[in-house]
Amino acid sequence: MNEEYINIIKKNINNIKNSLPDEVLLVAAAKTRSVDEVKASIQAGIKILGYNYIQEAEQIKKEIQDSVQWHMIGHLQTNKVKKAIILFDMIETLDSLKLAREINKLCAKSGKVMPVLVEINSGKESNKTGILPGDVENLIQQINNLPFIKIQGLMTMGPRFGNPEDARPYFRVTKEIFEHIKKKSIPNVEMRYLSMGMSNSYKIAITEGANIVRIGTQLFGTRNY
Ligand SMILES: *Cc1c(COP(=O)(O)O)cnc(C)c1O
C-alpha cells in the first residue's frame, strides 16, 4: 500500500469530518477495503467501522488492535447471529421479529445487551431489505420487551445512485417514523440514532435529520466491484 494513497484516505476523512456537524457520527463503510486501508482510516480518526458481511468483519477485526466500534450494516441472516453478536457493538439492520428473537436468545446466553437500529425499507422496494414503513411500529411493539435487545433508533438505505436529491423523500419518510415512534414513548425504546446517507447523499440525509452517516467511497475511493 503506497504512502500517497494512505495520505489521500487521511485527507478525505479529514475533509468529511470537518464538514459534519458535531453530533453526527461517521461510520466508515469498509467493505472490500484492505487491512492497511482500514488502519489508515483509524489513524485519521475513524472511530466506527461498518461491515456488511460477518466473514469480512471477522478477518479484519483480527488485525485491528485499536478500540473502535463495529457496526453491522448489511443484511443479517438468522444463522449468522451467533457470530454477529460477538463481533459487533451495534446491529443497524434489524428487520424482522425472527431476527430480533434470535439476537435476544443468543445475547441472553452471554449476558450481552445488543444495541440495534430498525432498518426501514423507505422506498418500499421489493428487492430491498428492511421493514416496510407501515410495519415499523408494530415490530417495535413486539420486540421492545426483549431484555437483551436495546432499540436505539432507525436506519435506512434509500437509493444509492443517481441524483442525491432523489433520496430526500426516503430520508424524510424515515425521519417522520422516527419522530412518530419517539412521541409514543414506548418503554425500552430510545429514538436516539437515525442512520441514513451514503457518499452521494449524506449531506441531504443530514439536512433531513440523520445523526449517523455511513460513508465508503468518499473516504476510500471507488470500490472495485
Ligand atoms: C457500502 C455501503 C455504504 C456506503 O456506500 P458508499 O456509496 O460507498 O459511501 C453505506 N451503507 C451501507 C449499508 C453500505 O452497504
Side-chain angles (χ1 to χ4, degrees), residues 5 8-20 24-34 37-38 40-42 44-60 68-77 80 84 87-96 99 115-123 125 127-131 152-168 170-171 173-175 193-225:
Y5 180 50
I8 292 173
I9 293 177
K10 290 183 177 171
K11 212 168 117 198
N12 289 345
I13 290 175
N14 279 324
N15 286 342
I16 295 211
K17 279 192 358 196
N18 290 336
S19 76
L20 296 179
V24 175
L25 301 179
L26 172 58
V27 173
K31 58 179 174 275
T32 77
R33 310 301 175 174
S34 67
E37 290 173 287
V38 174
S41 75
I42 294 169
I46 287 295
K47 301 268 191 285
I48 310 172
L49 296 171
Y51 276 92
N52 298 64
Y53 301 105
I54 301 292
Q55 201 183 2
E56 189 179 20
E58 201 170 30
Q59 276 166 5
I60 300 286
V68 288
Q69 298 270 308
W70 300 74
H71 283 200
M72 177 61 176
I73 62 172
H75 182 61
L76 180 57
Q77 289 165 313
K80 301 276 172 65
L87 288 166
F88 293 105
D89 301 293
M90 179 184 275
I91 294 171
E92 294 201 16
T93 48
L94 182 75
D95 67 351
S96 74
L99 183 58
V116 300
L117 306 183
V118 174
E119 183 185 356
I120 317 272
N121 179 355
S122 52
E125 293 160 279
N127 60 341
K128 284 263 176 75
T129 53
I131 180 157
Q152 295 200 311
L154 305 180
M155 178 270 209
T156 201
M157 285 283 285
R160 178 89 140 263
F161 304 106
N163 182 351
E165 269 300 330
D166 295 343
R168 192 183 289 279
Y170 300 79
F171 298 152
V173 150
T174 308
K175 168 74 165 167
Y193 296 117
L194 185 53
S195 176
M196 39 188 212
M198 302 181 272
S199 287
N200 77 338
S201 59
Y202 75 93
K203 288 184 179 139
I204 288 169
I206 290 169
T207 65
E208 295 299 332
N211 58 13
I212 298 182
V213 292
R214 310 174 310 269
I215 303 182
T217 309
Q218 289 255 349
L219 303 184
F220 299 107
T222 314
R223 275 184 302 277
N224 299 319
Y225 73 86

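Both counts, for ligands and for their atoms, begin at 1 and track the order of listing. The basis for the numbers below is simple: all heavy atoms, side chains too, and nothing from hydrogens, waters or symmetry mates.
- At a heavy-atom distance under 4.0 Å, atoms from both the backbone and the side chain of Ser199 approach ligand 1.
- Near Asn52, with a cut-off below 4.0 Å to any heavy atom, the atoms of ligand 1 are 14 (C), 15 (O).
- In this structure, Met157 has a heavy atom closer than 4.0 Å to ligand 1.
- Scanning Lys31, Arg214, Met198 for the heavy atom closest to atom 14 (C) of ligand 1 points to Lys31.
- In the vicinity of Thr217, heavy-atom distances shorter than 4.0 Å reach the ligand 1 atoms 6 (P), 7 (O), 8 (O), 9 (O).
- Of all the atoms in ligand 1, the ones that sit under 4.0 Å from a non-hydrogen atom of Ile215 are 9 (O).
- Glu58 and Tyr51 form no side-chain donor-acceptor contact under 3.5 Å, judged by distance and modelled atom types alone.
- A donor-acceptor contact shorter than 3.5 Å is absent between the side chain of Ser201 and the backbone of Ile204.
- Tested against Ile131 for a side chain to side chain contact (heavy atoms under 4.5 Å, CB included), the candidates Leu94, Val118, Asn121 yield a single pass: Val118.
- Backbone and side-chain nitrogen or oxygen atoms of Gly216 are examined, and one is located within less than 3.5 angstrom of a nitrogen or oxygen of ligand 1.
- For the pair Glu92 and Val27, the minimum side-chain heavy-atom distance is below 4.5 Å.
- In this structure, Lys47 NZ and Ile42 CD1 are separated by 9.5 Å, a value rounded to the nearest 0.5 Å.
- Among Leu87, Leu99, Ile54, the one residue that satisfies the side chain to side chain contact (heavy atoms under 4.5 Å, CB included) test with Lys80 is Ile54.
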